[in-house]
Amino acid sequence: MSFFQPPVTLFDQKGTDMTDISKRTVVKMVALTAVAAAALVGCGKKEEAPKAEAPAAAKAEPLKIAFAYVGPVGDGGWTFAHDNGRKALEKEFGDKIVTSFVEKVPESADAERVIRDMAGQGNKLIFGTTFGYMEPMLKAAADLKDVKFEHATGYKTAENMRTYDSRTYQGAYMAGVIAGKMTKTNTVGVVGSIPIPEVIRNINSFTLGAQSVNPKIKTKVVWVNDWFNPPKETEAATALINGGADVLMQNTDSPAVLQTAEKLGKRAFGWDSDMTAYGPKAHLGSAVINWGPYYIKATRDALEGKWATGQSWWGVKEGAIDFVSVAADVPEDAKKKLEEVKAGLKDGTFEIWKGPIVGQDGKEVLAKDAVADDKFLGGINFYVKGVEGKIPGGK
Amino acid sequence: MESYALLVAATLNAGTVLALAALGLLINEKAGVLNLGAEGMMLCAAIAGFAAVIHTGNDWIGFAAGMGAGALLAAIFGGLVIWLGTNQYATGLALSLFGVGFSAFAGIGYVQEKLPERASHAIPWLTDIPLLGPAFFRQHPLVYVTIALVLGLIWFLYKSRPGLVLRSVGESPESAHALGYPVRRIRLLAVVVGGALCGLSGAYISVVYTPLWVEGMVAGKGWIALALTTFATWRPARVLLGAYLFGGVTMLQFHLQGAGVDMPSQLLTALPYVATIVVLALISRNPTWIRINMPASLGKPFHPGS
């Protein structure tokens, strides 16, 4: 009865193949056009200014940059935000670079093949935009010493591979501030994707934000074990609303949760990208990631030969995280509080993870006035007080 | 108690998506054709339905567009496997892959579109009955249509003459052919009707269930529907019950999580598949159970000349 085995991997792989091929062709054409254009420009300049001291023909070949995305560019969330970053990059550097991307690259051995392919096509700077590419990229980086690898949300580095991430929990906290003011039931809900520290940290930060304006807040969490699965996200959001939550946040990649809130007359947030359009009545604001500033910095490093391995974790301060499109009916005091938090995060006078913070079991996890360092933040595997339920697979 | 009523309502809603597609596949399979392209057909129908509602503002036109898209793809599939005798498994998989890619391509312009406001579907009067109202009488009309469809299909397959002919085509196409029935045309008709129902399910997802368009949004429901026909041993009533069961398990695990009950959500996510395997193992132990209902010529091509 092999016929109903869902051949998910099969079509993922195929999908990648197809995109891959068409992208490759497009990239080639773009590259050829760019080279031709560069040659023409070079010739033109020579004719116009034969006396120019610098030989104009020596125009540098554009830096080829490739992006591997885990979802479709049209997901309206995570991958959409990365692609906006890529576009910002193109705008910033113009013909000094050529970018390309492959979408829906599965977090499996296929990722390594795609990444090696990218290097084979002459890309010298490769961005992998999901945690699951860590090992594949590390393997490729070991062999391809002349290529620079940038891996999002991971923790392993190499001489030619560094990591970058954004402090999404800051956006979650800001959403929490609004949620705490807007909930009538004092119950907020989060649709979680996969129980890894990043997501747990966001759930906690959202809760801390809500509690900062409303100490009675309780957070319900439902895990869907998927980054992108709109029907499941819808079902999870429905379950949360049926359970009494009236303001929802999600750490998944599609706008389905916001849509469900819109349909059922509750409120919710946009995540990763501005999602106002998906649920104008339900939308309370969007916690967005701007990958642009980091992509521009990384590219500048590579262009100027200053690229060195390391780890970057950018937040509000660097312009990587923002909270935008706040709904009109959010009360003024909440908006004011939001602005204070944002300004504090920007100039470093405000810390979200500053003690005393109490865990779900009532034990203090962060003593009074202690500020969590990045190592602490990177290993959060507990819920703070106010979050209900248990982390799947946790203690 | 209210939350249990809402759980029932959510289950009916989730089950309807699966039931519609699985009933379509059941009709296919009763005629002896196995169409693995459900996921692709549903995705194409989802974008067709969504686009139609965006442009016309009418859900029913959206459903019709979804059914049309499903039927069209199924007709292409039918032409290939019935007349050209291509392998049903391979062609179905190809259709699935094609549908995933094509729907993504066709949907590029609709990614951030929003559907117009719709009125609630509560049935006046009945909706106010405590518990029963929220559980049963606030559903989209298609939820009730699906139940009616199952009753109609039972009557059609087991009580009507055309239904008997359809089943004979799936059981023994040679005999049906010898009796003078146009086996290939009947199979094509069944495939097209099945595709239309898969299409309706796809459009229901993008227009009602998760009213938006994002790439790949059917997210495996087509494969679950395929599993469901086997799970239900090709009986329409069991398809409906199975659909509610699968939908119910999904909703239940989310509700339990939301209620803070401690249990591994991964295990519950896998439950529908585990259940299918258990049922398969059981019916395989007693061959008469499966043989009575499984169309004998399922997946086998038919050449009138041979």
Side-chain angles (χ1 to χ4, degrees), chain A residues 1-8 10-11 14-15 18-19 71-77 80 103-104 189 195 220-226 228-245 253-256 258-260 262-263 275 277-280 388-390 392-393, chain B residues 2-3 6-7 9-10 13-14 17 34 36 39-40 89 92-93 96-97 100-101 104 107-108 111-114 205 209-221 223-224 226-227 229-230 247 250-251 253-266 269 273 276 280 284 299:
Chain A
M1 287 295 147
S2 63
F3 59 81
F4 64 77
Q5 283 177 354
V8 173
L10 186 58
F11 75 67
K14 277 281 185 196
M18 286 187 289
T19 349
V73 168
D75 70 355
F80 186 70
E103 55 183 356
K104 290 204 279 186
K220 286 179 186 279
V221 184
V222 169
W223 296 95
V224 293
N225 296 313
D226 240 328
F228 180 80
N229 188 329
K232 259 196 193 175
E233 293 168 48
T234 302
E235 285 151 7
T238 310
L240 284 169
I241 290 171
N242 290 348
D253 292 356
S254 94
L258 175 63
Q259 262 287 353
T260 309
E262 175 96 353
K263 199 166 73 175
M275 293 183 177
Y278 288 104
E388 293 185 346
K390 276 190 179 166
Chain B
E2 176 82 6
S3 88
L6 292 171
L7 176 62
N13 201 10
V17 172
L34 180 71
L36 295 182
E39 184 86 1
Y89 298 89
L93 284 176
S96 203
L97 299 174
V100 171
I108 288 171
V111 165
Q112 287 206 324
E113 292 281 344
K114 191 186 167 293
I205 292 179
Y209 196 70
T210 312
L212 54 84
W213 168 252
V214 276
E215 231 180 289
M217 67 179 295
V218 171
K221 297 257 184 211
W223 298 109
I224 298 182
L226 269 167
T229 55
T230 311
T250 321
M251 291 314 300
Q253 66 118 334
F254 288 139
H255 273 259
L256 289 179
Q257 279 195 53
V261 176
D262 177 33
M263 37 117 222
S265 60
Q266 292 90 339
T269 311
Y273 302 100
T276 306
L280 276 177
S284 306

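A quick note: this is a predicted structure, and the numbers were derived from the prediction, not measured.
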Once you round to the nearest 0.5 Å, how far does OG1 of T234(A) lie from CD1 of I205(B)? 9.5 Å
Checking T238(A) now: which residues fulfil side chain to side chain donor-acceptor pair (under 3.5 Å) with it, not counting sequence neighbours? none
Interatomic distance, T210(B) atom OG1 to K232(A) atom NZ [nearest 0.5 angstrom]: 13.0 Å
Roughly how far apart are E215(B) CD and E103(A) CD, rounded to 0.5 Å? 5.5 Å
Do you know which two heavy atoms are closest between Q259(A) and L212(B), and how far apart they sit? CG-CD2, 3.0 Å
Please state whether the side chain, the backbone, both or neither of E262(A) comes within less than 4.5 Å of a heavy atom of chain B. side chain
State, to 0.1 Å, how close A236(A) and F254(B) come at their nearest heavy-atom pair, and which atoms those are. N-CD1, 3.7 Å
Who pairs with T260(A) by side chain to side chain donor-acceptor pair (under 3.5 Å), at least two apart in sequence or on another chain? none
Which residue out of V73(A), N229(A), L240(A) racks up the most heavy-atom pairs below 4.5 Å with chain B? N229(A)
Looking at CD of E235(A) and NE2 of H255(B), how far apart are the two atoms once the value is rounded to the nearest 0.5 Å? 9.5 Å
Side chain, backbone, both or neither of V218(B) within contact of chain A (heavy atoms, under 4.5 Å): backbone
Between N242(A) and M251(B), does a side chain to side chain contact (heavy atoms under 4.5 Å, CB included) hold up when you go through it step by step? CA-CA 11 Å; N242(A) 290 348; M251(B) 291 314 300; 5.6 Å; no
